[in-house]
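Below is one structure; the comments refer to it alone.
Note that the coordinates shown come from a computational prediction; the quantities given were computed from them, not determined experimentally. Just so you know, these numbers use all the heavy atoms, side chains as well, and skip hydrogens, waters and symmetry mates.
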Amino acid sequence: MNAPHYTRGAALAALLPQRIVVIDGAMGTMIQRWKLTESDYRGERFKDHPKDLKGNNELLQFTRPDVIRQIHEQYLAAGADIIETNTFGATSIAQEDYDLAPLAREMNVAAARLAREAADKYATPEKPRFVAGAVGPTPRTASISPDVNDPGARNVSFDELRAAYREQAEGLLEGGCDLFLVETIFDTLNAKAALFALDELMEDTGERLPVIISGTVTDASGRILSGQTVGAFWHSVRHAKPIAIGLNCALGAALMRPYVEELSRIAGDTAISCYPNAGLPNPMSDTGFDETPDVTAGLMEEFAKSGFLNIVGGCCGTTPDHIAAIARKVSAYRPRGKADPLFTSLVAAA
């Protein structure tokens with residue numbers, strides 16, 4: 001597969017053949033540790049908003065940017081090469097739940113600028129840092145009926161998703177992201193709408209950014225929620241020519257291993273990413289999840305030793321300590337497929 005000639009993020013393409021690249025950890029569970037109140041989310045700007053806003057983490061780039069900035073910087077200090085914008089739910093579709101859909105684009109611009117400032121602060125010529133514009137799945141699904149009595153019912157259309165993702169991507173691009181991360185995919189049709197919107201945007205602007213695609217296997221069946229195996233998922237999205245394909249969320253590393261191994265085997269023309277949860281949920285834990293940094297890092301080290309990984313990090317329940325431990329462990333191993341034609345094309349594109 002011939003890689004695109006990137007106008008941003010080209011240094012990431014050049015870095016992938018050299019070493020395993022580290023992406024950051026959780027944003028949502030890190031925010032939870034701050035124990036923010038309704039007033040933190042409202043700030044002055046939204047003090048009279050008619051709906052409850054606590055839990056709308058994307059508002060924090062307006063009302064508590066210090067929190068988001070500190071989380072970004074903690075991950076960068078821990079060794080993350082890539083940090084994700086705080087935009088998982090920053091689409092007009094997701095923000096409809098709070099009656100804040102008109103703010104979606106502004107949310108993305110503000111989030112990307114916060115991440116950009118943090119990344120630039122920590123970047124050096126020897127260790128560049130990258131901002132991934134995080135594109136979440138939205139709370140709606142284009143493939144599955146929300147009504148058990150009406151299998152044909154849908155609460156969102158492809159065109160509605162496409163428009164919402166286009167607006168989000170425009171904001172992320174304006175704010176200064178280096179790449180797009182279409183993540184936590186539970187419905188491939190939703191992901192296709194996002195990928196379509198990204199491709200349209202890049203064609204219209206002349207900007208060409210790397211795209212990472214990350215699906216979510218929801219249980220031991222080895223399928224995403226809309227029913228595809230990881231192999232079928234890969235073949236459904238490979239036309240987008242992602243710089244990496246991978247898995248995140250829902251499972252810890254131990255349960256995710258066979259699916260990452262399968263992707264590593266079948267997706268020969270792109271890199272592999274993996275950022276699992278810190279094991280299983282545990283409300284008695286400080287992070288809300290079972291695994292300590294050493295446990296998660298040990299599991300990811302085995303992935304690296306087995307030759308599965310190009311990009312690695314953490315999802316729900318992971319902290320800067322997890323990312324630091326992962327970075328230390330995987331640094332001893334070569335990235336997957338160092339001699340593959342993939343990397344020749346990536347470097348050429350850079």
Side-chain angles (χ1 to χ4, degrees), residues 1-13 23 58 61 82-96 100-116 119 130-142 156-185 187-215 236-246 270-271 273 311 345-346 349-350:
M1 179 176 72
N2 293 324
H5 288 270
Y6 300 121
T7 60
R8 298 191 194 181
L12 176 61
I23 195 167
E58 289 72 23
Q61 34 258 38
I82 303 171
I83 56 170
E84 302 174 52
T85 56
N86 179 40
T87 53
F88 185 83
T91 56
S92 58
I93 290 173
Q95 289 299 316
E96 283 176 8
L100 292 173
L103 294 183
R105 177 171 176 142
E106 184 185 354
M107 282 180 175
N108 286 280
V109 174
R113 286 177 176 165
L114 278 172
R116 177 81 274 150
F130 304 94
V131 173
V135 177
T138 85
R140 300 183 188 175
T141 169
V156 71
S157 70
F158 183 93
D159 284 341
E160 288 169 334
L161 287 164
R162 170 188 168 192
Y165 283 129
R166 170 68 183 251
E167 179 183 43
Q168 178 175 40
E170 287 174 349
L172 292 169
L173 193 67
E174 180 181 338
C177 71
D178 299 302
L179 63 143
F180 293 112
L181 174 57
V182 183
E183 65 171 344
T184 321
I185 298 164
D187 183 341
T188 307
L189 191 55
N190 285 38
K192 282 179 172 289
L195 295 170
F196 194 101
L198 293 179
D199 197 53
E200 278 192 323
L201 176 64
M202 289 190 276
E203 287 291 331
D204 291 346
T205 61
E207 295 275 15
R208 180 59 58 176
L209 281 63
V211 175
I212 298 173
I213 300 173
S214 187
S236 295
V237 298
R238 65 184 301 179
H239 64 87
K241 297 183 179 179
I243 199 171
I245 182 78
T270 193
S273 71
I311 301 172
S345 65
L346 288 175

For Glu96, all residues meeting side-chain contact (heavy atoms from CB on, under 4.5 Å), sequence neighbours excluded | Ala101, Arg140

Which residues satisfy the salt bridge (charged side-chain N to carboxylate O under 4.0 Å, His left out) test with Glu174, sequence neighbours excluded?
-> Arg105, Arg113

Check: Lys192 side chain, Phe158 main-chain N or O, donor-acceptor pair, under 3.5 Å | no

Sequence neighbours left out, what passes salt bridge (charged side-chain N to carboxylate O under 4.0 Å, His left out) with Arg166? Give chain and number order.
-> Glu170, Asp204

To the nearest 0.5 Å, how far apart are CD1 in Ile82 and CD1 in Ile212?
-> 4.5 Å

Close side-chain approach of Leu12 to Tyr6, heavy-atom, < 4.5 Å = no

Between the CG atom in Leu173 and the OG1 atom in Thr205, the distance rounded to the nearest 0.5 Å is 5.5 Å

Working to the nearest 0.5 Å, report the span between CD1 of Ile245 and CD1 of Ile311.
-> 11.0 Å

Correct closest heavy-atom pair for Thr138 and Tyr165 would be CG2-OH, 3.5 Å

Can you name the closest pair of heavy atoms from Ala104 and Glu167 and give their distance?
-> CB-OE1, 3.7 Å

Okay, side chain of Gln61, backbone of Met107: is any donor-acceptor separation there less than 3.5 Å?
-> yes

Report yes if some heavy atom in the side chain of Ile185 is under 4.5 Å from a heavy atom in the side chain of Val237; otherwise report no.
-> no

Under 3.5 Å, side chain of Glu106 to main-chain N/O of Leu103, donor-acceptor pair present?
-> no

Within a strict 4.5 Å, meaning less than it, do heavy atoms of the Ile213 and Leu195 side chains meet?
-> yes

To the nearest 0.5 angstrom, please state how far the CG atom of Leu181 sits from the CD1 atom of Ile83.
-> 12.5 Å

Do Thr7 side-chain atoms and Arg208 backbone N/O form a donor-acceptor pair below 3.5 Å?
-> yes

Would you confirm whether Asn190, through its side chain, and Ala142, through its main-chain N or O, come within 3.5 Å as a donor-acceptor pair?
-> yes

What is the minimum heavy-atom distance between Phe88 and Glu58, and which atoms define it?
-> N-OE2, 3.6 Å

Examine distances only and state if a side-chain atom of Arg8 and a backbone atom of Cys177 form a donor-acceptor pair shorter than 3.5 Å.
-> yes

Distance col, row Leu179:CG vs Ile23:CD1, nearest 0.5 angstrom, shows 7.5 Å

Looking only at heavy atoms, which two atoms of Leu198 and Ala169 are closest? And how far apart?
-> CD2-CB, 3.5 Å

Between Asn108 and Ala90, which heavy-atom pair has the shortest distance, and what is it?
-> ND2-O, 2.7 Å

Spatial distance of atom CD1 (Ile93) from atom CG (Leu161) [nearest 0.5 Å] | 4.5 Å

Looking at Ala134 and Thr87, what are the two nearest heavy atoms and their distance?
-> O-OG1, 2.7 Å

